[in-house]
Amino acid sequence: MIVRYDGTDYHGFQKQPDGCSTVQAVLDQTLAGVLGPGRSIGASRTDAGVHAAGQVVVWRGTVAMPLEKVPVVLNRRLPPDIQIRAAFWVPKGWDPRRAASWKQYSYRLWRAPTPPPLSLYRRALWRPDALSWTRLNQAAALFLGRHDFQAFRTEGSSAETTVRTLLVSRWVMEEAGLVWRYQVLGNGFLYRMVRHLVGAMLEAAEPGGDMDRIRHGLAFPADKVGALAPPRGLTLEDIQFREPASGKG
């Protein structure tokens, strides 16, 4: 299933042992109520407060209804901040976490002197202060390619390596310049990596800021760099896979 959600009121995607509210916990409860026993597997573990437009979730269990009806029936029972965009058959045993080859995220800034409209209030960080558009994009370009991003992560993940490759790292203007959106596409991301990248770029774009700290972090990965940007502006946009996610499973 392709799933989108507003993560504001959830403690991330992944189900937690303490039983706190997560997107996966709500999905599993709803799916089991409609389809019967089973479990879900998500392609990406988004953090608390982070949103998704293209999360991929596999349901391993019985589907005793026509596939085209699954989104319709589930969306009637899910809370309005979680929606199923589409459903497909996948080969038996297909794991979206292992099959994912590229992930795309966005981070939105609202740049007007007044707060963002309600449609964006929970999905964009309000930054009306002075920021250099030129330095933001110069900083984003530094992250392109293959680097050790250890300096731009939060400790606590089980990643075997901190080396990642970014194919896209750029800022674009939308909504007549009121929204500045960071677009990043990579073959994987470390724990809170995108939020650390955004925090470092914002520091570089502030008055008196420069990009030397970013260059230092890329050259000396053991040295932590940059503040952690709040989760509200971050959205998982899309996931691409090495193998087709199709078939009768």
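- In this structure, Ser169 contributes its side chain and Ala141 its backbone to no donor-acceptor pair below 3.5 Å.
- Note: the hydrophobic cluster containing Leu185 does not contain Met201 (ILVMFWY, side chain heavy atoms under 4.5 Å, direct or indirect links).
- Ring-centre distance between Trp133 and Trp180: below the 6.0 Å cut-off.
- Here the side chains of Ile84 and Val70 are not in contact, with every heavy-atom distance at 4.5 Å or above.
- Not a single donor-acceptor pair under 3.5 Å links the side chain of Asp148 to the backbone N or O of Val163.
- Hydrophobic clustering (ILVMFWY, side-chain heavy atoms < 4.5 Å, transitive): Leu178 and Leu202 are in distinct clusters.
- Met173 is not listed as a side-chain neighbour of Val179, based on a closest heavy-atom distance of 4.5 Å or more.
- In terms of hydrophobic clustering, with Ile, Leu, Val, Met, Phe, Trp and Tyr side chains grouped at heavy-atom distances under 4.5 Å, Trp102 and Val56 are assigned to different clusters.
- Within the 3.5 Å criterion, the main-chain N or O of Ala53 finds no donor-acceptor partner in the side chain of Arg4.
- No donor-acceptor pair closer than 3.5 Å links the side chain of Lys69 to the backbone N or O of Leu74.
- Not less than 6.0 angstrom separates the ring centroid of Tyr105 from the ring centroid of Tyr182.
- No donor-acceptor distance shorter than 3.5 angstrom exists from the side chain of Arg122 to the backbone of Ser119, with no hydrogens or angles considered.
- In this structure the side chain of Tyr107 never reaches within 4.5 angstrom of the side chain of Val184, judged on heavy atoms.
- In the displayed structure, Gln16 atom CD is contacted under 6.0 Å by more than 12 heavy atoms of other residues, nucleotides or ligands.
- Between the Ser21 side chain and the Tyr10 main chain, no donor and acceptor come within less than 3.5 Å of each other.
- Side-chain contact between Arg127 and Arg111 is present, with heavy atoms from C-beta onward closer than 4.5 Å.
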Next on the checklist: One pair to check against salt bridge (charged side-chain N to carboxylate O under 4.0 Å, His left out): Glu155 and Lys224. What are the steps and the verdict?
Outcome noted: CA-CA 10 Å; Glu155 299 292 341; Lys224 295 299 178 185; 3.0 Å; yes
Item to check | Full working for side-chain contact (heavy atoms from CB on, under 4.5 Å) between Ile2 and Gln55 | outcome: CA-CA 6 Å; Ile2 311 299; Gln55 173 72 283; over 6 Å; no
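- Shown here for Ala139 and Phe143, the closest heavy-atom pair between the two residues is O-CD1, 3.6 Å.
- Looking at Asp238, its side chain never comes within 3.5 Å of a backbone N or O of Gln104 through a donor-acceptor pair.
- Of the candidates Glu237, His51, Arg123, Glu237 is the only one forming a side chain to side chain contact (heavy atoms under 4.5 Å, CB included) with Ser106.
- Ring to ring, Phe88 and Trp94 are not that close: their centroids are 6.0 angstrom or more apart.
- Using a 4.0 Å cut-off between a side-chain N of Lys or Arg and a carboxylate O of Asp or Glu, Arg39 and Asp28 do not qualify as a salt bridge.
- Using a 4.5 Å cut-off on side-chain heavy atoms (C-beta onward), Thr46 and Tyr5 make contact.
- The shortest side-chain heavy-atom distance between Trp110 and Pro117 falls under the 4.5 Å cut-off.
- Contact check for Gln150 versus Asp223: no side-chain heavy atoms found under the 4.5 Å cut-off.
- By the 4.5 Å heavy-atom criterion applied to side chains, His196 and Thr154 are counted as neighbours.
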